[in-house]
Amino acid sequence: MILGLSLSTYTVVHVVLSLLGIASGVLVLLRPSASPKAWGLTTLFLATTAATSVTGLLYLLLFPRFLQGHWIGVASLLVFVPTLLALYRHRLAGPWRGTYVAGAAILLYLNAFISVMQAFAKIDFLRMLPATTLGSPLFLAHLLVLAISVWLAIHAFTYLQPGGAARRIRTRALRVADRWN
């Protein structure tokens, strides 16, 4: 038992926290905002990602072997410090925007990295996928997660720049009359 929960219940809580962290992290980086009104989703992302790292480290109470996931949990908690400082102390002012975006993207990547590792370790279908000429399916999945995380970071950074949202080209809705003109 961990924190009074059975191992299976604790694992479900850990996985749900992780999936919430990944989903909210993608949304935060897709539509970042320096406005305090948008901090609810950001707080959800940061809280669930931190809780995922902490609950992952608490597995050491039952299984006292420090594995790759534990190292990534420690790295994730270390990345939290400048990310939280950038967001809550410095309010994304000046160069702290880049610190926040980089930290949020790294946190999302690390959380997704462990999720991919666990999926390939626990799901028989994924474990049985054959290697291709490009590499193993696990390696390709990690490349995809890395590419998505980098793209989200670049997108969020350009979006958070002063005038970043205004520079976007606004498309207008297509009306039926426009098709024949």
Side-chain angles (χ1 to χ4, degrees), residues 1-30 32 39-90 96 98-132 134-153 156:
M1 291 186 73
I2 302 175
L3 300 177
L5 300 172
S6 68
L7 183 60
S8 62
T9 304
Y10 185 80
T11 301
V12 167
V13 169
H14 175 71
V15 169
V16 167
L17 286 170
S18 177
L19 294 176
L20 275 172
I22 291 169
S24 59
V26 168
L27 293 175
V28 163
L29 289 174
L30 272 177
W39 285 2
L41 188 60
T42 303
T43 302
L44 176 68
F45 163 58
L46 294 173
T48 54
T49 303
T52 299
S53 297
V54 170
T55 57
L57 289 172
L58 287 177
Y59 277 105
L60 287 170
L61 297 174
L62 286 181
F63 310 104
R65 279 187 44 210
F66 212 81
L67 301 172
Q68 179 184 18
H70 300 113
W71 286 110
I72 291 177
V74 169
S76 179
L77 291 173
L78 291 174
V79 170
F80 265 102
V81 174
T83 306
L84 292 176
L85 280 173
L87 182 63
Y88 294 112
R89 171 76 170 93
H90 299 285
W96 287 100
T99 303
Y100 166 73
V101 169
I106 290 169
L107 290 171
L108 176 64
Y109 172 72
L110 292 175
N111 200 357
F113 179 89
I114 289 298
S115 296
V116 168
M117 291 293 286
Q118 289 296 322
F120 273 86
K122 310 277 187 210
I123 300 172
D124 288 333
F125 168 76
L126 295 175
R127 213 175 338 166
M128 303 302 281
L129 288 174
T132 65
L134 297 174
S136 74
L138 177 61
F139 176 72
L140 295 174
H142 282 301
L143 280 180
L144 179 63
V145 167
L146 179 63
I148 291 170
S149 297
V150 168
W151 181 84
L152 284 169

Rounded to the nearest 0.5 Å, how far apart are [atom1] of [X] and [atom2] of [Y]?
X	Y	atom1	atom2	result
Ile2	Leu62	CD1	CG	4.0 Å
Leu140	Leu144	CG	CG	9.0 Å
Thr49	Leu20	OG1	CG	9.5 Å
Leu41	Ser24	CG	OG	5.5 Å
His14	Leu57	NE2	CG	9.0 Å
Leu110	Ser53	CG	OG	8.0 Å

Minimum heavy-atom distance [X]-[Y], with the two atoms named:
X	Y	result
Leu29	Ala105	CD1-CA, 3.8 Å
Pro137	Leu129	CG-CB, 3.6 Å
Val145	Ala112	CG1-CB, 3.6 Å

Under 3.5 Å, side-chain donor or acceptor atoms of residues 77-88 against the rest of the protein: list the pairs with distances, not counting sequence neighbours.
residue, atom, partner, partner atom, Å
Thr83, OG1, Val79, O, 2.8
Tyr88, OH, Thr43, OG1, 2.8

Given side chain to side chain contact (heavy atoms under 4.5 Å, CB included), test Val13 with Thr55 step by step and report yes or no.
-> CA-CA 9 Å; Val13 169; Thr55 57; 5.5 Å; no
What donor-acceptor contacts under 3.5 angstrom involve side-chain atoms of residues 66-75, with partners at least two apart or in another chain?
residue, atom, partner, partner atom, Å
His70, ND1, Arg65, O, 3.4
His70, ND1, Leu67, N, 2.9

[X] side chain near [Y] side chain, heavy-atom distance below 4.5 Å:
X	Y	value
Leu108	Phe113	no
Ile22	Ser115	yes
Leu138	Met117	yes
Ile114	Tyr109	no

Does the Tyr10 side chain pair with the main chain of Tyr59, one donor and one acceptor, at a distance under 3.5 Å?
-> no
Has the side chain of Thr9 got a donor or acceptor atom that lies under 3.5 Å from a matching backbone atom of Leu5?
-> no
Assess whether side-chain hydrogen bond (donor to acceptor under 3.5 Å, both in side chains) is satisfied between Thr52 and Ser18, documenting all intermediate values.
-> CA-CA 5 Å; Thr52 299; Ser18 177; 4.7 Å; no
Working for side chain to side chain contact (heavy atoms under 4.5 Å, CB included), residues Gln118 and Val15 = CA-CA 10 Å; Gln118 289 296 322; Val15 169; over 6 Å; no
